[in-house]
Amino acid sequence: LGSAFEYSAAKRQLEILKSMGVNSIRTGHTPPAPQFMDLADEMGILMDVESFDCWRSGKNPYDYGRFFDEWQEKDVAAWIRRDRNHPSLLFWCIGNEIYDTHAGPEGADTMRMLLAEVAAHDPARNGIPTLGSNYMPWENTQHCADIIKVAGYNYGERLYASHHEKHPDWVIMQPKRDTYYYRNQLVLDISNPKVQDYVFGIVDRIMTENPDVAYFKWDCNSVITNIYSPYHKENQGNFYIDHIRGIFKVLTRIHNKYPKLPMMLCSGGGGRMDYEMLKYFTEFWCSDDTDPYERIYIQWSLSKFFPAKTMGSHVTNWNKNTSVKFRTDVCSSCKLGFDIDLKSLSKDDYKFVQNAVKNYDSMKPMILEGDQYRLVSPYEGNHCAINYVSKDKQRAVLFAYDLHPRYKEPVMNVKMQGLDADKVYTVKETNLMPGKKSDLECNGKQYSGDYLMKVGLNVFSQTDGTSHVLVLE
């Protein structure tokens, strides 16, 4: 493609990368086309935007280095001001494979100059300055890395182990054994008070510099191997207990300083769901399996131990054979969210999602604060139903799902629970696709709570992946 930018080709490339699991891109050596940043915004891809391929020391006789002193200030200003308001922006990379960083101490001075210019044009620190370097073995470059704090190791995986030796007591690893990297990670020893200060400092810095941050996801993607705490030395018997207590200490500090910050806890897909953590987190990530059929079983089982308000349930592209409506209806029975490129949806699906979010806001008090009743178990047949009732029993919502019904199997009414037997409820189906009317006989009709609990409603069908959401008022 050369230097020309072809929008459809770039979008196709990014779609392929996203299908592989890529969620972040570093642009090589020069700033990307502005349209590329627009695509990253639309598709939810984080960007490491690079500026310079060289500073004063060029790589070729006719390189940019000839003009660095004359043009770098103008180019930094144009680069930062163009891209600073893109939601996809994560890093400002002020150089890649920069010879100056290791050639002499002057490289550090040039870096400080560039950092000052970036800060001047990005006062809100929308991006974090960084450096990509394949000169990390050299002392001068390591000094530059100490200055910038966030440095990329180009082809430098072999250096990870030696460079973390400066803080060997910060990670969990057994002496006299090879260091084991799971997903290229080591686990911090949070039983160590210095590590607790470090972890809290990271969160505190993010919140101080970005006070409008609305949501945190606290994830742990590495298992603990070669279990040994350098901090505990001979007293290894206390390690597990003190490690967890250290996590609680960090979370207590975060919660005390930022009590209104919503945080989701994720660890291996439900690996850290416990009541103690609910002191600090507003919800759990129940599982990385977001197939709507599987989520019905997962959410049913977890609801026996945790209320719906603790279960984050996000609509994704997992199992595209199901409709967006079915996926949304399944997630709406817990704490609804979306991990999906909304702009990839059809016009009708996009409009449905907009309306479904509005409907969810109306149902939220019942789902998150009301009483839940498990009515039809997916483990005992091919359907599932649950209902929520407000504390005053004036409103209720019923979720009904058809999983994989058998051919012409008898379909039974769903008998609701927890209603006011003497109250008359009006039944209205919600979360309908645009232009579609309810095909349920009960829609728009009135029934007593006694009838709804003893006779029930005909809300199941014999079609795979069908769902109905009914509001009773």
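Quick caveat, the model's predicted, so the values are computed rather than measured. These values consider heavy atoms only, across backbone and side chains, with no hydrogens, waters or symmetry-generated copies.
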Under the 3.5 angstrom rule, does the side chain of [X] hit a backbone N or O of [Y] as a donor-acceptor pair?
X      : Y      : result
Asp274 : Met277 : yes
Gln35  : Tyr7   : no
Tyr360 : Leu336 : yes
Thr310 : Phe306 : no
Tyr198 : Pro193 : no
Ser362 : Lys358 : no
Arg56  : Phe68  : no
Asn210 : Ile206 : yes
Lys59  : Glu97  : yes

Just checking, any donor-acceptor pair under 3.5 angstrom between side chains of [X] and [Y]?
X      : Y      : value
Glu6   : Ser8   : yes
Tyr258 : Asp204 : yes
Ser313 : Arg327 : no
His232 : Asp242 : yes
Ser88  : Asp41  : yes
Asp189 : Ser191 : yes
Thr252 : Tyr280 : yes

Result block: side-chain N/O donor-acceptor pairs under 3.5 angstrom for residues 72-80, not counting sequence neighbours:
residue	atom	partner	partner atom	Å
Gln72	NE2	Glu117	OE2	3.2
Lys74	NZ	Glu70	O	2.9
Asp75	OD2	Tyr64	OH	2.6

Could you tell me whether Asp348 and Lys351 make a salt bridge, using a distance below 4.0 angstrom between a side-chain N and a carboxylate O?
-> no
Charged N-O contact under 4.0 Å between Lys391 and Glu369 | no
Sort out for me which residue in Gln299, Arg295, Met311, Gln372 forms a side-chain contact (heavy atoms from CB on, under 4.5 Å) with Ser333.
-> Gln299
Tell me, please, whether Phe200 has Arg253 positioned over its six-membered ring: NZ or CZ under 6.0 Å from the ring centre and within 45 degrees of its axis?
-> yes
Of all heavy-atom pairs linking Lys325 and Ser467, the shortest is CE-O, 3.5 Å
In terms of the angle between their ring planes, are Phe326 and Tyr293 parallel, tilted or perpendicular, with boundaries placed at 30° and 60°?
-> tilted
Parallel, tilted or perpendicular, as decided by the 30° and 60° cut-offs, for the rings of Phe239 and His243 | tilted
